[in-house]
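One structure is given here, and the rest of the page talks about it.
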Amino acid sequence: MSSRIYFASSNRHKFEEAKSILAGFGLDLKFYRCSLEEVQDERLEKIARHKAREAYSMISKPVIVEDVGLFISSLKGFPGPYSSYVFDTLGNKGLLKLVSRDRTARFRSVIAYCGARDRVMLFSSNVRGRIAGREKGSRWGYDPIFIPEGHSLTYSQIPDKNLISHRYLALRKFANWYLHTRKSVGP
Ligand code: ITT
């Protein structure tokens, strides 16, 4: 197993964070910029699995994809699997207008790795938190409105986001599995 892995996504921010996280495990991530089909499904796992198979069929190299959802309790989990669409349409300002007094929310990441046509491995994580009253800080996506549990700042305002994020927790599971598997298979 080589340590060169591709990250297939249309979102450069996700790639840059993933690259920096996996570098900490000695893994080299390359960007494969593409737009993958998002099947309509409630389960991020199913969406991620589908995206991983599609990406592997395009590049025939070990590849990671990630599907992320922001689940807001008072909106019964909305936008969840529709987070990408909602960000592009309502944006943070529009979403903030929908959130009521119960501001609890969670970010979920599902990482799907495909190293061979028929085999997809999934690694997931959740970070609980709450939705801020207004946008704070200016990173990307939902970062300005999500405050992780135990913090008073949004993801945008936390310099070490990559050490606590949903992406970090899921990629850490992936890296531990990948490095362990590589060790037992040999170079
Ligand atoms: P690909 O599917 O092409 O990888 P995407 O941007 O559509 O890119 P997702 O479906 O995984 O990616 O993400 C759903 C939405 O959540 C999207 O609008 C992202 O910008 C946003 N998002 C994902 N991870 C985030 C993070 O760490 N911080 C803030 N917003 C995030």
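Side chains included, hydrogens not; waters and symmetry mates left out as well; all remaining heavy atoms used. Read the numbers this way: they start at 1 and go in the same order the structure lists the ligands and their atoms. What you are looking at is a predicted structure, and each value in this text was computed from that prediction instead of being measured. Start at 1 with the first residue, then count along the sequence.
Summary of contacts: the protein heavy atom closest to atom 28 (N) of ligand 1 is D143 OD1, 2.5 Å. Protein heavy atom closest to atom 10 (O) of ligand 1, with residue, atom name and distance, is E38 OE2, 3.3 Å. Nearest protein heavy-atom contact of atom 5 (P) of ligand 1 is S84 OG, 3.7 Å. Here the protein heavy atom with the shortest distance to atom 3 (O) of ligand 1 is S10 OG, 2.6 Å. Ranking the protein heavy atoms by distance from atom 19 (C) of ligand 1 puts N11 ND2, 3.9 Å first. Nearest protein neighbour of atom 2 (O) of ligand 1, counting heavy atoms only, is K51 NZ, 2.7 Å. Protein heavy atom in closest approach to atom 31 (C) of ligand 1: W140 CZ3, 3.4 Å.
At a 4.0 Å heavy-atom cut-off, ligand 1 touches K14 through the side chain alone. At a heavy-atom distance under 4.0 Å, no atom of H13 approaches ligand 1. By the criterion of a heavy-atom distance under 4.0 Å, the side chain of F87, and not its backbone, is placed next to ligand 1. Residue contacts with ligand 1, taken as heavy atom pairs separated by less than 4.0 Å, involve F107 solely via side-chain atoms from C-beta onward.
Heavy-atom contacts of D67 reach the following atoms of ligand 1: 10 (O), 11 (O) (cutoff under 4.0 Å). Proximity to R167 (heavy-atom distance under 4.0 Å) selects the following atoms of ligand 1: 23 (C), 24 (N), 25 (C), 26 (C), 27 (O). Of all atoms in ligand 1, numbered sequentially from 1 with element shown, those under 4.0 Å from a heavy atom of K161 are 26 (C), 27 (O), 28 (N). Under a 4.0 Å criterion applied to the non-hydrogen atoms of S9, ligand 1 contributes the atoms 1 (P), 3 (O), 4 (O), 8 (O). Heavy-atom proximity to H166, at under 4.0 Å, picks out these atoms of ligand 1: 24 (N), 25 (C), 26 (C), 27 (O). Less than 4.0 angstrom separates some heavy atom of E66 from each of these atoms of ligand 1: 11 (O).
Looking at S165, its side chain never comes within 3.5 Å of a backbone N or O of N162 through a donor-acceptor pair. Distance alone, capped at 3.5 Å, places no donor-acceptor pair between the K51 side chain and the L36 backbone.
For the pair T154 and D143, the minimum side-chain heavy-atom distance is 4.5 Å or more.
Ion pair E37/R53 not flagged as a salt bridge, since none of the NZ, NE, NH1 or NH2 atoms sits closer than 4.0 Å to an Asp/Glu carboxylate oxygen. Salt bridge D102/R130: absent, no basic N to carboxylate O contact under 4.0 Å. Contact check on R12 versus E16 returns a salt bridge, with a Lys/Arg side-chain nitrogen under 4.0 Å from an Asp/Glu carboxylate oxygen. No salt bridge links R128 with E149; every basic N to acidic carboxylate O contact stays at or beyond 4.0 Å.
Here the two rings, on F107 and Y155, have centers that are under 6.0 Å apart. In this structure, the ring of F15 has its center less than 6.0 angstrom from the ring center of F31.
Ligand 1 is never approached by L36 to a heavy-atom distance shorter than 4.0 Å.
For ligand 1, one of its N or O atoms has an N or O atom of V68 under 3.5 Å away. Between Y142 and ligand 1, a contact under 3.5 Å exists for at least one N or O pair.
Separation of atoms CZ (F25) and CZ (R172) is listed at 6.5 Å; rounding is to 0.5 Å.
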#### Entry: I5/D28 under side chain to side chain contact (heavy atoms under 4.5 Å, CB included): CA gap, chis, key distance, verdict
CA-CA 6 Å; I5 305 165; D28 180 26; over 6 Å; no
Name the atoms and distances for all side-chain donor-acceptor pairs under 3.5 Å in residues 79-87, with sequence neighbours left out.
unit_1 : atom_1 : unit_2 : atom_2 : d
Y82    : OH     : E42    : OE2    : 3.1
S83    : OG     : L70    : N      : 3.0
S83    : OG     : G80    : O      : 2.6

